[in-house]
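What you see is a predicted model, and the numbers here were worked out from it, not measured in a lab. If you read the sequence from its start, that first residue is 1, and numbering goes on from there.
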Amino acid sequence: KKDLQKLIEQHQEAMGQVDEAHRLAANLEALVSDGTTELETMMNLGCDFYAQAYVEDCTKVFVEAGLGFFVEMPLKEATKFVYK
(Lines give C-alpha, C1' and ligand atoms only; values in the text may rest on other atoms or scores of the structure.)
Protein backbone atom coordinates (compact mmCIF):
# COMPACT_ATOMS: atom_id res chain seq x y z
CA LYS A 1 0.00 0.00 0.00
CA LYS A 2 2.88 2.39 0.80
CA ASP A 3 4.53 1.56 -2.52
CA LEU A 4 1.32 2.34 -4.40
CA GLN A 5 0.92 5.66 -2.59
CA LYS A 6 4.55 6.56 -3.38
CA LEU A 7 4.02 5.71 -7.07
CA ILE A 8 0.85 7.83 -7.18
CA GLU A 9 2.72 10.80 -5.66
CA GLN A 10 5.58 10.39 -8.15
CA HIS A 11 3.09 10.22 -11.03
CA GLN A 12 1.30 13.38 -9.85
CA GLU A 13 4.63 15.21 -9.56
CA ALA A 14 5.66 14.11 -13.05
CA MET A 15 2.31 15.20 -14.50
CA GLY A 16 2.71 18.59 -12.81
CA GLN A 17 6.09 18.99 -14.49
CA VAL A 18 4.60 18.04 -17.87
CA ASP A 19 1.80 20.59 -17.41
CA GLU A 20 4.34 23.27 -16.50
CA ALA A 21 6.40 22.45 -19.60
CA HIS A 22 3.31 22.74 -21.82
CA ARG A 23 2.42 26.13 -20.32
CA LEU A 24 6.00 27.33 -20.79
CA ALA A 25 6.07 26.17 -24.42
CA ALA A 26 2.73 27.87 -25.10
CA ASN A 27 3.99 31.15 -23.61
CA LEU A 28 7.23 30.97 -25.61
CA GLU A 29 5.32 30.24 -28.82
CA ALA A 30 3.02 33.21 -28.13
CA LEU A 31 6.03 35.52 -27.69
CA VAL A 32 7.54 34.25 -30.97
CA SER A 33 4.33 34.52 -32.98
CA ASP A 34 3.53 38.01 -31.64
CA GLY A 35 7.07 39.21 -32.33
CA THR A 36 7.26 40.53 -28.77
CA THR A 37 10.60 42.13 -27.91
CA GLU A 38 9.71 43.73 -24.57
CA LEU A 39 7.28 42.72 -21.86
CA GLU A 40 5.50 44.07 -18.81
CA THR A 41 4.47 41.43 -16.30
CA MET A 42 3.95 40.63 -12.64
CA MET A 43 6.77 38.81 -10.84
CA ASN A 44 6.10 36.52 -7.88
CA LEU A 45 8.57 37.49 -5.15
CA GLY A 46 7.46 34.64 -2.92
CA CYS A 47 4.56 34.01 -0.55
CA ASP A 48 2.20 35.27 -3.27
CA PHE A 49 3.69 38.78 -3.08
CA TYR A 50 3.92 40.28 -6.59
CA ALA A 51 5.71 43.25 -8.10
CA GLN A 52 5.51 44.79 -11.56
CA ALA A 53 8.40 43.86 -13.81
CA TYR A 54 9.57 45.25 -17.15
CA VAL A 55 11.69 43.11 -19.47
CA GLU A 56 13.51 45.28 -22.01
CA ASP A 57 14.65 42.42 -24.25
CA CYS A 58 12.66 39.19 -24.17
CA THR A 59 14.07 37.79 -27.40
CA LYS A 60 16.20 35.42 -25.30
CA VAL A 61 15.39 33.50 -22.13
CA PHE A 62 17.31 31.43 -19.61
CA VAL A 63 16.27 27.77 -19.56
CA GLU A 64 17.18 25.30 -16.82
CA ALA A 65 19.28 22.63 -18.50
CA GLY A 66 19.56 20.42 -15.43
CA LEU A 67 21.87 19.99 -12.45
CA GLY A 68 21.34 23.66 -11.58
CA PHE A 69 22.69 24.97 -14.88
CA PHE A 70 20.86 27.59 -16.94
CA VAL A 71 21.45 28.29 -20.63
CA GLU A 72 20.52 31.49 -22.48
CA MET A 73 18.59 30.67 -25.67
CA PRO A 74 16.59 32.48 -28.34
CA LEU A 75 12.84 31.93 -27.96
CA LYS A 76 12.51 29.49 -30.87
CA GLU A 77 15.39 27.35 -29.62
CA ALA A 78 14.01 27.43 -26.07
CA THR A 79 10.63 26.23 -27.35
CA LYS A 80 12.28 23.27 -29.07
CA PHE A 81 14.33 22.53 -25.92
CA VAL A 82 11.20 22.39 -23.76
CA TYR A 83 9.75 19.64 -25.95
CA LYS A 84 12.86 17.44 -25.61
Side-chain donor/acceptor pairs under 3.5 Å, residues 41-50, sequence neighbours excluded:
| from | atom 1 | to | atom 2 | distance (Å) |
| --- | --- | --- | --- | --- |
| N44 | OD1 | G46 | N | 2.8 |

Contacts of type side chain to side chain donor-acceptor pair (under 3.5 Å), residue Q5, not counting sequence neighbours: E9
Side-chain heavy atoms of L7 within contact of Q10, under 4.5 Å: yes
What side-chain donor-acceptor pairs closer than 3.5 Å can you find for residues 55-72, not counting sequence neighbours?
| from | atom 1 | to | atom 2 | distance (Å) |
| --- | --- | --- | --- | --- |
| D57 | OD1 | T59 | N | 3.1 |
| D57 | OD1 | T59 | OG1 | 2.6 |

Listed pairs under 3.5 Å, donor-acceptor, residues 12-38 side chains, sequence neighbours left out:
| from | atom 1 | to | atom 2 | distance (Å) |
| --- | --- | --- | --- | --- |
| N27 | ND2 | R23 | O | 3.4 |
| E29 | OE2 | Y83 | OH | 3.3 |
| S33 | OG | E29 | O | 3.2 |
| S33 | OG | A30 | O | 3.2 |
| E38 | OE1 | Y54 | OH | 2.8 |

Residues clustering with I8 (ILVMFWY side chains joined when closer than 4.5 Å, directly or via others): L4
